[in-house]
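Whatever order the structure lists them in is the order used to number ligands and atoms, beginning at 1.
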Amino acid sequence: MEEQSRSILITWWLGYIWSHTSTVFLEEDYNIIIVDNLSNSDISVLDKIKEITWKKLKFYDLDIRNLEEFEKVFKNHPEIEGIIHFAAKKAVGESCQDPFLYYENNVIWTHNLLKLMQKYNKKNIVFSSSATVYDSPKLLPPFSENDRVGTYNPYGTTKLIMEYMLKDLATFKWFNVVNLRYFNPIWAHHSGLIGEDPKWVPSNLIPYILKVANWEIEHVQIFWDDYDTVDGTGVRDYIHVMDVAEAHLSAFNQILKYREYLLENKIDSNRWYFDIFNIWTGDGKSVKEIIELVEKVTEKEIPYKIVSRRPGDIDTSIANAQKAKQVLGREYSRSMYQAIEDAWRFIQKNNS
Ligand code: UFG
């Protein structure tokens, strides 16, 4: 008998990770159902995904804050086996200016989703968390999954609240949950078809430098050079987005494996899976090292100026990469050079 494809629901909002993750699941023959209200998104990305994978996904243009509308998706798709939950707002600065926007969007979206998952008995979820939940000023890098958490801005607070909600539901409602704590992804598929090219001035380092390379911005501002790091500039654990995307597949497989194990061994199915993984390389690069790498890839000089510290920045954020390797069998596989090369290819294609 022909094996049926599995189906997953992906919640999308603005970000870039969902599209890359979709390509990974489509290539594994999953059926994908996407929800987004398109208020801030570029619909052409759906065609790009089709161009990469030669596969279609099912798209619902709806607002997941509206529970009634959102419920239709669960009604129409009883075949959904799991949810990959990306939908969230993610700008630290914006969250400090308007915390309620973040509470409303991130927490209420997630609350609605979880309510429907409970109602329709769809309890497998991979959640996009962030390294921002680590109490980094009080920790020594690399950060491990059982290190202490603490937040310093409303964005981080919403991520932590959502992690806690999921933990509660795992414990008391038998949800199967994997929280992935992303470090610093660099967004672009090697095809150059999907990636990050913000239309506004980016707040993150890599897209900012690439705009300088593309002559859209005059110079990079390095947020001070007196940190306790290799050259005084901030160090981060940058990771190719496709490594992040593939980690979602491993995480989801981990949940499925656990459910199959219960079934095969006739163990009471009212048991839950809960785990957290850093998504990560375990290695760090400074701002100046990244600038040098971009110069190599683009063959352009990147001018920079040292300016004052950005409030809230820490000197070093690096993941301990061991747990994902041991439990999920997953390590990153793409170099930083490749990540920047792919991001640059996307920018050039997107601007030609
Ligand atoms: N930086 C500059 N100039 C810039 C932008 C950044 O010097 O124009 C420096 C920062 O000081 C930092 C490094 O580059 O040392 C990286 O900064 P990013 O803004 O790219 O990334 P952050 O590590 O500050 O934050 C990112 C995400 C957050 C997430 C966090 C998790 O933006 O949403 O990683 O670790 F929470």
Quick check on contacts: which atoms of ligand 1 are under 4.0 angstrom from a heavy atom of [X]?
X      : value
Asn184 : 21 (O), 22 (P), 23 (O), 26 (C), 34 (O), 35 (O)
Gly234 : 15 (O)
Ala131 : 31 (C), 35 (O)
Ile222 : 7 (O)
Ser203 : 5 (C), 19 (O)
Ser130 : 29 (C), 31 (C), 36 (F)

### Query
Does the ring centre of His248 sit less than 6.0 Å away from the ring centre of Tyr182?
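Yes: the rings meet the under 6.0 Å criterion.
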
### Query
Quick check, are the ring centers of Phe86 and Trp18 under 6.0 angstrom apart?
no

### Message
On the six-membered ring of Tyr227, is Arg309 placed so that its NZ or CZ lies under 6.0 angstrom from the centre and within 45° of the ring axis?
### Response
yes

#### Entry: Trp215 six-ring face occupied by Lys300 cation (under 6.0 Å, within 45°)
yes

## Note on the structure
With Trp187 as partner, the option from Tyr16, Trp344, Tyr238 fulfilling ring pair (Phe, Tyr, Trp, His ring centres under 6.0 Å) is Tyr16

[atom]: which protein heavy atom is closest, and how many Å away?
atom                    : value
atom 10 (C) of ligand 1 : Asp313 OD2, 3.4 Å
atom 32 (O) of ligand 1 : Asn204 ND2, 2.7 Å
atom 4 (C) of ligand 1  : Phe223 CE1, 3.3 Å
atom 3 (N) of ligand 1  : Gln221 O, 2.7 Å
atom 9 (C) of ligand 1  : Val287 CG2, 3.6 Å
atom 12 (C) of ligand 1 : Arg236 NH2, 3.5 Å
atom 36 (F) of ligand 1 : Thr132 CB, 3.0 Å

### Query
Are Arg259 and Glu81 ion-paired here, with the side-chain N under 4.0 Å from a carboxylate O?
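A salt bridge is absent here (no side-chain N lies under 4.0 Å from a carboxylate O).
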
### Heavy-atom gap Tyr238 to ligand 1 smaller than 4.0 Å
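The answer is yes: ligand 1 sits under 4.0 Å from a heavy atom of Tyr238.
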
### Query
Does ligand 1 have any atom sitting under 4.0 Å from a heavy atom of Tyr155?
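Heavy atoms of Tyr155 do come under 4.0 Å of ligand 1.
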
Say whether [X] and [Y], considering side chains only, have a donor N or O and an acceptor N or O under 3.5 Å apart.
X      : Y      : result
Asn320 : Gln322 : no
Glu71  : Tyr120 : yes
Tyr60  : Asn76  : yes

### Query
Relative to ligand 1, is Leu205 under 4.0 angstrom through side chain, backbone, both or neither, heavy atoms considered?
both

### Mode of Arg310 contact toward ligand 1 - side chain, backbone, both, neither (heavy atoms, under 4.0 Å)
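Arg310 to ligand 1: side-chain contact only, backbone stays beyond 4.0 Å.
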
#### Entry: Minimal non-hydrogen separation, Ile239 against Thr281, with atom names
CD1-CG2, 3.7 Å

#### Entry: Ile186 and its side chain to side chain contact (heavy atoms under 4.5 Å, CB included) partner, picked from Leu205, Val244, Asn204, Ile340
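It is Ile340, the one option of Leu205, Val244, Asn204, Ile340 that forms the side chain to side chain contact (heavy atoms under 4.5 Å, CB included) with Ile186.
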
